[in-house]
Enquirer: 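Dropping a structure here in structure tokens format, bear with me for questions.
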Amino acid sequence: MPELPEVEVVRRGLERWVTGRVIAEVQVLHPRAIRRHLAGPTDFADQLTGHRFAAACRRGKYLWLPLDTVGADATAPTEHPVQTATGLAHGAPGDGATGHGAPGSVDGGVDGVTRGEATGRSVLGHLGMSGQLLVQPETAADEKHLRIRVRFADAAGTELRFVDQRTFGGLSLHDQLPGAPDGLPDVIGHIARDPLDPVFDETAFYTALRRCRTTIKRALLDQSLISGVGNIYADEALWRARLHFDRPTASLTRPRAMELLGHVRDVMRAALAVGGTSFDSLYVNVNGESGYFECSLDAYGREDEPCRRCGALMRRSPWMNRSSYFCPRCQRPPRVVSPRTARSGPAV
DNA sequence: CAGAGATCCTGCAAGC
DNA sequence: TGCTTGCAGGATCTCT
């Protein structure tokens, strides 16, 4: 399922294949896919039609595309690049790859097209568990779970499709947060920056950990503290850090927290490096269930298999209506069970 | 108010 | 073979 690395691969695909294109038509084929757009499917389609996607940005697992008006002299068909996208994945993760306010990214424009003016609104997308944003030939057969189709005014011959089996994801249109240089939608203003973001605030993160009376895995999945981490990479990072998922956050020393943060980054970078390789054709290939990173997993899904570090059999624990995978030897359960009591005790 | 749990949804796998 | 049940999970809502 899509976590930060997968979403970043999608963002790069959108940047390449969708940015600068003018929307000719929007079809909403399943209302649940735009449930966060409260004004409904017709309004969503009407608001987008005739506008241009200005950029492709990401924060955590959210993607968004700011909308521009179309310049008066931009009626000629866009000569859109149609060539292999191989090499897109080679950018250094966290080095501008996250698309946060990169200077010129919004104003760079597409060759030969005069840019319109910003509308102050952005199309927000979330892939949920099974969502895919695909750039497909217009002639390609509809996917079984096609939810939204966006047709373009140019002659590139491709269209943007939102495909989502379990319908946890969706698209919506929102006003931009005032003062946000990258067109951040107001509804995700509370989402923290991700650990690959150059301006991720480590001190604020650690301060929040010390202040919270919760456990470390809950904190890792709390998108308002740190974004982009899902169940899989949380388990992977905790395994690498030899931390039990039920460890109270308040019991972590700063060096220990920074070590964990480093493992989160390492796991994400490794997944991002692998995820990019599947992205080399005409369409944005985001198969959330393709398992390209699966062979690299040390914890997630490895119940009853030997720990790659100590050989003990990995365990699976029910946790918040899902599962936590851990090594019972490397990742000892906390001695202090309650976060409340841990708060008054010394940091370990 | 912070934190914990329920909830949405669909397809697949396991069990009877 | 065919049905039922459980599981997967991110974000949001509700409850304590």
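All chains are named by letter (A, B, ...) in the order of the sequence lines, taking the proteins before the strands, and each is independently numbered beginning at 1.
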Enquirer: With the side chain of A/R213 defined as its heavy atoms from C-beta on, choose the nearest nucleotide among B/dG3, B/dC8, C/dA11.
Expert: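 Output: B/dG3.
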
Enquirer: Has A/T214 got a side-chain N or O lying under 4.0 Å from the OP1 or OP2 atom of B/dA4?
Expert: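 True: A/T214 side-chain N/O within range (under 4.0 Å) of B/dA4 OP1/OP2.
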
Enquirer: According to a strict under-4.0 Å criterion, is A/S323 in side-chain N/O contact with OP1 or OP2 of C/dA8?
Expert: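 Yes, A/S323 has a side-chain N/O under 4.0 Å of OP1/OP2 on C/dA8.
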
Enquirer: Please report, rounded to the nearest Å, how far the C1' atom of B/dA4 is from the CG atom of A/D222.
Expert: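 It is 12 Å, rounded to the nearest whole Å.
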
Enquirer: Could you state the CD-C1' distance from A/E303 to C/dC7, rounded to the nearest angstrom?
Expert: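 Rounding to the nearest Å, CD of A/E303 and C1' of C/dC7 are 12 Å apart.
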
Enquirer: Using a 4.0 Å cut-off on heavy atoms, which residues in residues 167-178 of chain A reach DNA chain B? List them by number, or say none.
Expert: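 Per residue number, the list reads A/T167, A/F168.
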
Enquirer: Can you check the A/D246 CG to B/dA4 P distance for me, whole Å?
Expert: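 Interatomic distance, CG of A/D246 to P of B/dA4: 10 Å.
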
Enquirer: In whole angstroms, how far is the P atom of C/dA11 from the CD1 atom of A/I188?
Expert: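 Distance check: A/I188 CD1 to C/dA11 P gives 10 Å.
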
Enquirer: Would the base of C/dG10 count as contacting A/R322 through its side chain, where contact means a donor and an acceptor less than 3.5 Å apart?
Expert: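 Side chain to base: pair found, below 3.5 Å.
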
Enquirer: When you compare the side chains of A/Q176 and A/S122, does any donor N or O come within less than 3.5 Å of an acceptor on the partner?
Expert: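 Side-chain D/A pair, A/Q176 to A/S122: present.
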
Enquirer: Considering only NZ, NE, NH1 and NH2 on the basic side and carboxylate oxygens on the acidic side, decide whether A/K217 and A/D235 come within less than 4.0 Å.
Expert: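 Here A/K217 pairs with A/D235 in a salt bridge, since their nearest N and O are under 4.0 Å apart.
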
Enquirer: Check every atom of B/dG11, C/dA11, C/dA8 against the side chain of A/Y325 and return the nucleotide holding the closest atom.
Expert: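 It is C/dA8.
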
Enquirer: Could you tell me whether A/R35 contacts a base, only the sugar-phosphate backbone, or nothing, with contacts defined as non-hydrogen atoms closer than 4.0 Å?
Expert: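 If one applies the 4.0 Å heavy-atom cut-off, A/R35 turns out to touch nothing in the nucleic acid.
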
Enquirer: Do the side-chain N or O atoms of A/Q223 get closer than 4.0 angstrom to the phosphate oxygens (OP1, OP2) of C/dA11?
Expert: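 So the side-chain polar atoms of A/Q223 do come within 4.0 Å of the phosphate oxygens OP1 or OP2 of C/dA11, strictly under.
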
Enquirer: Does A/R166 make a side-chain N or O approach to OP1 or OP2 of B/dC8 shorter than 4.0 Å?
Expert: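 No.
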
Enquirer: Mind calculating the distance between CE (A/M320) and C1' (C/dA8) to the nearest angstrom?
Expert: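 Atom-to-atom, A/M320 to C/dA8, this comes out as 14 Å.
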
Enquirer: On the nucleotide B/dG11, are OP1 or OP2 found under 4.0 Å from the side-chain N or O atoms that A/H145 carries?
Expert: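 Checking A/H145 against B/dG11: at least one side-chain N or O falls below 4.0 Å of OP1 or OP2.
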
Enquirer: Could you go through nucleotides 13-16 of chain C and list every protein N or O atom that sits under 3.5 Å from one of its N or O atoms, giving the distance for each pair?
Expert:
none

Enquirer: Round to a whole Å and report the spacing from NE2 of A/H30 to P of B/dC8.
Expert: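 The answer, rounded to whole Å, is 15 Å.
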
Enquirer: With A/T158, which of A/R151, A/Q136, A/R21 fulfils side-chain hydrogen bond (donor to acceptor under 3.5 Å, both in side chains)?
Expert: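 When A/R151, A/Q136, A/R21 are each tested with A/T158, the side-chain hydrogen bond (donor to acceptor under 3.5 Å, both in side chains) holds only for A/R21.
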
Enquirer: Hey, does the side chain of A/R211 come within less than 4.0 Å of B/dC1's phosphate (OP1/OP2), counting only N and O?
Expert: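 Answer is no, no contact under 4.0 Å.
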
Enquirer: Could you give the CG-to-C1' distance, from A/L225 to B/dG3, as a whole number of Å?
Expert: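 Result: 12 Å.
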
Enquirer: For DNA chain B, whose closest nucleotide is more 5', that of A/R218 or that of A/N321?
Expert: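 Of the two residues, A/R218 wins.
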
Enquirer: Answer yes or no: are there more than 12 heavy-atom neighbours, outside A/R315 itself, under 6.0 Å from its atom CZ?
Expert: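 No, because the 6.0 Å sphere around CZ of A/R315 holds 12 heavy atoms or fewer from other groups.
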
